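Everything below concerns the one structure shown next.
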Amino acid sequence: MVRKTHILRKNLGVLLSVMGSIAMGSVASAASYAHFDINDVTASLSAPLSTSNASTYTGTITLATNGLTHLDGIDIDGADQGAVGTVTNVTGTLDMVNGTIGGSSSLTFTIENSDNSLHTFTGTVDDLNSDGTYVYADANPSSLDSSNFAGVDLSQWASHNNDSQIIVFGFPSAGGSTNTASLEVYVPEPASLGLMGIAGLALVRRRGR
């Protein structure tokens with residue numbers, strides 16, 4: 001599978017600094033995480049979002065599928081698992097007031113396996129911010145309903161409600177009303193890597209492809 005490189009080198013410093021501001025938990029040496037990469041998601045903004053108004057942004061970003069939305073892969077500890085599945089649903093509401101989380105925010109996505117079974121991730125967002133180009137959110141609790149998610153065994157995560165990290169990026173910093181975005185979801189094991197550890201591993205992996 002040929003993976004797209006979403007994060008440009010020039011944005012690494014900004015990305016890491018913003019991630020650090022919402023880091024969750026502490027870094028553990030032997031942690032594991034699952035990473036979902038979903039591309040071509042529709043992101044509808046109720047108000048323009050840009051680098052100039054991110055710190056005071058008030059508006060709602062609504063995530064949804066379109067005819068191009070697809071699962072680009074599932075990684076475990078940075079190793080591609082050869083996931084095969086169809087994204088049948090992405091439902092997300094990221095509500096911000098004055099640059100932080102506002103009302104009810106959540107994310108759900110559903111993958112259809114080759115045997116036509118449906119498997120879902122759900123998370124209620126309890127922390128949210130943006131630098132105007134990327135949007136970052138903590139989803140808590142999150143759940144995975146199956147050990148066969150797009151053909152990948154996620155049983156070690158399925159029985160836990162773990163803080164998960166959502167990253168939405170790719171829509172223009174100019175902040176149009178509707179944009180095509182990419183969605184990254186990181187699900188750590190209990191007592192696993194803090195966000196900076198997860199982000200660092202992911203960025204090293206992506207830069208190396």
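Here the structure is a predicted model, which is why all the values come from computation and not from measurement.
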Look at the side chain of [X] and the backbone N and O of [Y], then say whether any donor-acceptor pair between them is shorter than 3.5 Å.
X: Tyr136; Y: Asp127; answer: no
X: Asn53; Y: Thr56; answer: no
X: Thr88; Y: Glu112; answer: no
X: Thr180; Y: Thr42; answer: no
X: Asn66; Y: Asp40; answer: yes
X: Asn113; Y: Ala150; answer: yes

Which heavy atom of [X] sits nearest to which heavy atom of [Y], and what is that distance?
X: Ala83; Y: Val152; result: CB-CG2, 3.8 Å
X: Ala54; Y: Gly132; result: CB-N, 3.4 Å
X: Gly123; Y: Ala139; result: CA-CB, 4.1 Å
X: Val41; Y: Ala64; result: CG1-O, 3.3 Å
X: Ser46; Y: Gly59; result: OG-CA, 3.3 Å

Are the side chains of [Y] and [X] in contact, using a 4.5 Å heavy-atom criterion?
X: Leu154; Y: Ile76; answer: yes
X: Asp138; Y: Gln165; answer: yes
X: Leu49; Y: Val135; answer: yes
X: His70; Y: Asp72; answer: yes

[atom1]/[X] to [atom2]/[Y] distance, rounded to the nearest 0.5 angstrom?
X: Tyr57; Y: Ser52; atom1: OH; atom2: OG; result: 11.5 Å
X: Leu128; Y: Leu94; atom1: CG; atom2: CG; result: 5.5 Å
X: Tyr186; Y: Asp75; atom1: OH; atom2: CG; result: 8.0 Å
X: Ser50; Y: Asp131; atom1: OG; atom2: CG; result: 10.5 Å
X: Leu63; Y: Asn89; atom1: CG; atom2: CG; result: 11.0 Å
X: Phe149; Y: Trp157; atom1: CZ; atom2: CH2; result: 12.5 Å

Run the side-chain hydrogen bond (donor to acceptor under 3.5 Å, both in side chains) test against [X] and tell me which residues pass, sequence neighbours left out.
X: Asp126; answer: Asn140
X: Thr62; answer: none
X: Thr65; answer: none

Q: Output, in order, the C-alpha distance, side-chain angles, deciding distance and verdict of side chain to side chain contact (heavy atoms under 4.5 Å, CB included) for Val168 and Ile61.
A: CA-CA 10 Å; Val168 184; Ile61 301 170; 5.5 Å; no
N/O donor to acceptor pairs below 3.5 angstrom from side-chain atoms of residues 99-111, sequence neighbours left out:
from   : atom 1 : to     : atom 2 : distance (Å)
Thr100 : OG1    : Val97  : O      : 3.4
Ser105 : OG     : Asp95  : N      : 2.9
Thr110 : OG1    : Thr120 : OG1    : 3.1

(Q) Show me the pairs that pass ring-ring contact (aromatic ring centres under 6.0 Å, His included) and involve residues 71-103, at least two apart or across chains. (A)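 As it turns out, there is no ring-ring contact (aromatic ring centres under 6.0 Å, His included) pair with a partner in residues 71-103 once direct neighbours are skipped.
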(Q) Ignoring hydrogens and geometry beyond distance, is a side-chain donor-acceptor pair present between Asn148 and His119 at under 3.5 Å? (A)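 No.
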Q) Would Asp77 and Ser32 count as having a side-chain donor-acceptor pair, cut-off 3.5 Å? A)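 Yes, side-chain donor-acceptor contact under 3.5 Å.
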(Q) Is there a side chain to side chain contact (heavy atoms under 4.5 Å, CB included) between Thr58 and Met96? Walk through the geometry before answering. (A) CA-CA 5 Å; Thr58 295; Met96 297 180 70; over 6 Å; no
(Q) Using the side chain to side chain contact (heavy atoms under 4.5 Å, CB included) criterion, which residues pair with Thr124? Sequence neighbours excluded. (A)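 Expected list: none.
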